[in-house]
Amino acid sequence: MSWLRALKETARSGLTMERRRLEPAVAARGALGLALVVGFSLALFGPAVAASSAFGAFQAAIATFQRSWRPRPTLALASGASLAVSTFLGYLTGAHTALFLALLLLWTFLSGLAWAAGPTAGILASSNVAIMLVTVTLPTSVATAAGHAAMIFAGGVVQAALVVLLPVRRWGAQRDALADALAAEADYARRLRHDPVAPFDPVPLMTARNAAAVTPRQARTRPAELHGARGLAERIRPVLASLADPAVGVPEEGPERARVRELLGAAAEVLDAAAHAIRHGEPVVLPAPALAALRTPDTGAILRGPSRRAALRLAALLGDVVETAEPRTETSEPYAQGARTRPTLVRLAPLVLAKVRAELRPDSPVLRHAVRVSAVTAAGYLLGTWLPFGHGYWAPMASVMVMRPDFSQTYARSVARFGGTLVGVALATAVVQSAHPGMYLSAALAVVCAFGMYLLMRTGYAAGQVFVSAYVVFLLGMAGAGLTQTVRERVLLTLLGGVLAMLSYAVYPAWETPRLRGRLADWLAAVGAYAAVVVARYADPAGPASPDVREALLRTRAARVAWQEAVARAAHEPVRHRGLSHAAVEQAEHALAEFGRVAMLLEAHLPERGAPPVPAAAALAESLHRSTERGAKQVRERREPHWDDLRETVTAWSVEPPDHFLLDKGAVLLLETLEELTTALTESKRGH
């Protein structure tokens, strides 16, 4: 993709408004916390302290909106505390340009590395640096700086207290995640009716798994219906695929296929009903036709063998889902009996440090982002100070807020921030210059703008920036600061910050495109290990709930999602594909997805614990492991992958196949998909 086209695509992305479900009650709660903090501070301490405390409350409320499964009060407190420390240290060094610049470099570098811990940590760390650039200009002495820091933390405490005292749809995010997973299963069942080999996106299941991890405090209050349904949904998926796939199930046409379509439709209705019940905390209302389809005795007369077993297992699993989804008054006490644990913030520190250390390598996108953001913020601060506009913090503040570890988000947010700032600053300045609002009216207007930002935060970055820019103008106007700066000067400084951010990525990029082969190799190694573990369980039966199969499946999902995210980022990068054309990406993804689907079909028919073993499966498992490990290495080294070990095993089986209805056929399908992967990579190499 050319630079011109990449810039057009990212600009369009940055200015796009998405239709999202608005949460006015949550936005009103955040605005209420801000109003309480500002009003109390104004009455007792004056506008300067009120401005600092308002920034603390504003940032703490934003923290509660982040896509995190941690308790919202914890996020608000952590945000308030970190911003208070940043502001106090910033003021202590603010009188000495060199010292403050050193602190700014260190703080922004650490905020860049915080992305190693996830997007929530990265966003909050970046916001702390940006707000620190404003708040350090408000105090006039060390004592007042300490007071400002205390009030900033108090703003976080107020927002945390309101989350506890005024709960809005408690456990709503977790309910949505689990309901989305069940709804995704329902959609999958419907698609299988028309396409027996339809693909399945594992992201909803992965999101539900992340949401299911709880801290000890959360475990004591988690609703019972949020415990267990996710595991059942994951066990249903291979059963649905096995029931629909003609390779191991019923023919593509005929009365058996009609019965399978009826069962899949009924499963979709039941899963949708369970998803609705969990999302809203209501009893499960099952449609009568779906129940009749699942309970009819005709299944045993129409379906035979593996299809009949899959149908019976599907009905049993759906019954468990319905029972689990029913809301109950008791909470999920069996926390100590297998619930996934989420470490507290204190125990999380060594884990985050380990992730940060792992990113301290030259080719790490996170390390490159940390270097870029620290250099750009320092340059923006120096240029903003040198330019005769005053309040030069607008330039570095814009830079640190728009910069992200990947190209498309950085450029899209730069365009969105400039457009939003242009509109927001113009409107707010027009109000200030025409109406001359006093201290209390400016504070009220700032609260209104904050409410607008909270309400539209998830609809698009540009919309949020309109309200954020106006909020800063009214808040600083309340404190008597920033009124001498014109719209032109503020917009120019914001443009300067955005341009610096965009230039930094062009000068010191971290392109995803050259790493696509590595991501593909990771997925190949993970899905190969999953298939090998599944096949090994035919030689050593341990039942469908084998933990090693489960862990291998989770690693496969993570590798597949990492590949898909990398492809999405690479699609907008202005660089040539090095070794993988767009056609090769699609063909390779299809091949590995089919490989994973065949392995999932094999998992659906795992023998029960104690069943007679299939000794030949051990040889297939070993050849699968060796072939895919070697193939992954060859893909990384830009060589043509070969599958000699697996081919020898499949050829030997053609003479004396194992005594199992699926293993021989599954081995052939696995080999065919790997050869399709070789074809995709070979044609891509020839094309270059």
Side-chain angles (χ1 to χ4, degrees), residues 177-192 198-213 225-245 248-249 260 263-264 266-275 278 284 294 306-326 332 334 337-340 530-531 533-535 537-538 541-558 560 596-609 611 662:
L178 180 53
D180 289 344
L182 292 174
E185 294 272 9
D187 176 69
Y188 182 52
R190 288 193 180 90
R191 287 186 291 113
L192 287 174
F200 180 79
D201 184 3
V203 171
L205 289 177
M206 296 177 67
T207 303
R209 176 176 172 79
N210 291 333
E225 61 266 28
L226 298 185
H227 181 73
R230 176 188 56 82
L232 292 170
E234 295 192 349
R235 290 167 59 191
I236 285 174
R237 181 202 168 190
V239 176
L240 291 172
S242 174
L243 184 64
D245 198 312
V248 296
V260 165
L263 289 173
L264 291 171
E269 294 291 333
V270 171
L271 289 167
D272 274 337
I278 288 175
V284 181
L294 290 170
S307 300
R308 182 176 181 274
R309 289 197 300 271
L312 295 176
R313 191 176 177 194
L314 175 62
L317 288 172
L318 290 173
D320 291 342
V321 168
V322 171
E323 181 181 354
T324 305
E326 287 287 354
S332 59
Q337 303 175 10
R340 293 186 63 230
Y530 166 56
V533 170
V534 169
V535 172
R537 283 290 158 243
Y538 283 84
S546 180
D548 55 348
V549 172
R550 175 70 182 146
E551 290 302 318
L553 176 60
L554 294 178
R555 288 192 292 270
T556 299
R557 287 178 180 170
R560 178 178 179 176
R597 188 183 65 82
V598 175
M600 183 181 64
L601 293 177
L602 289 167
E603 181 192 352
H605 292 277
L606 281 176
E608 297 292 338
R609 183 183 297 274
L662 181 58

Next item on the list: Provide the closest heavy-atom pair for P541 versus A611 in the form atom of the first, atom of the second, distance.
Entry: CG-O, 3.4 Å

Item checked: Derivation of the side-chain contact (heavy atoms from CB on, under 4.5 Å) call for L314 and L318 -> CA-CA 6 Å; L314 175 62; L318 290 173; 4.0 Å; yes

Check: Does V321 reach the side chain of V270, with side-chain heavy atoms less than 4.5 Å apart?
Finding: no

Margin query: Test of understanding: with salt bridge (charged side-chain N to carboxylate O under 4.0 Å, His left out), list the residues that count as partners of E234, not counting sequence neighbours.
Written below: R230, R550, R557

Notebook entry, point to check: Which residues satisfy the side chain to side chain donor-acceptor pair (under 3.5 Å) test with R237, sequence neighbours excluded?
Noted result: none

Note to self: Suppose we screen for salt bridge (charged side-chain N to carboxylate O under 4.0 Å, His left out). Which residues come up paired with D548, at least two apart in sequence or across chains?
What the structure shows: R537

Check: For the residue pair V284 and A325, what are the closest heavy atoms and their distance?
Finding: CG2-CB, 3.9 Å

Next item on the list: Walk me through it: do L205 and F200 pass the test side-chain contact (heavy atoms from CB on, under 4.5 Å)?
Entry: CA-CA 10 Å; L205 289 177; F200 180 79; 3.6 Å; yes

Check: Atom CD1 in I278, atom OG1 in T324: separation rounded to 0.5 Å?
Finding: 8.0 Å

Checklist line | Backbone N/O of P199 and side chain of R191: donor-acceptor pair under 3.5 Å | finding: yes

Next item on the list: Give the minimum heavy-atom separation between D245 and L601, together with the two atoms involved.
Entry: OD2-CD1, 3.2 Å

Check: For P238, does its backbone N or O pair with a side-chain atom of S242 as donor and acceptor, under 3.5 Å?
Finding: no

Next item on the list: Can you see which heavy atom on A244 is nearest to which on V260, and at what distance?
Entry: CA-CG1, 4.2 Å

Margin query: Can you list everything that forms a side chain to side chain donor-acceptor pair (under 3.5 Å) with R190? Sequence neighbours excluded, please.
Written below: D272

Notebook entry, point to check: Picking from D201, L240, L264, I236, what satisfies side-chain contact (heavy atoms from CB on, under 4.5 Å) with Y188?
Noted result: L240

Checklist line | Distance-minimising heavy-atom pair for P204 and A181 | finding: O-CB, 3.8 Å

Item checked: Pairing residues for E185 by the side chain to side chain donor-acceptor pair (under 3.5 Å) criterion, not counting sequence neighbours -> none

Next item on the list: Go through D180 and T207 one step at a time and tell me if the side-chain contact (heavy atoms from CB on, under 4.5 Å) criterion holds.
Entry: CA-CA 9 Å; D180 289 344; T207 303; over 6 Å; no

Note to self: How close do P306 and H605 get, counting heavy atoms only, and between which atoms?
What the structure shows: CB-CE1, 3.6 Å

Next item on the list: Please tell me if the side chains of R235 and D320 come closer than 4.5 Å, counting only heavy atoms from C-beta onward.
Entry: no

Note to self: If you apply the rule side-chain contact (heavy atoms from CB on, under 4.5 Å), what do you find for L263 with L243, and how did you get there?
What the structure shows: CA-CA 9 Å; L263 289 173; L243 184 64; 4.2 Å; yes

Check: Residues in salt bridge (charged side-chain N to carboxylate O under 4.0 Å, His left out) with R560, at least two apart?
Finding: none

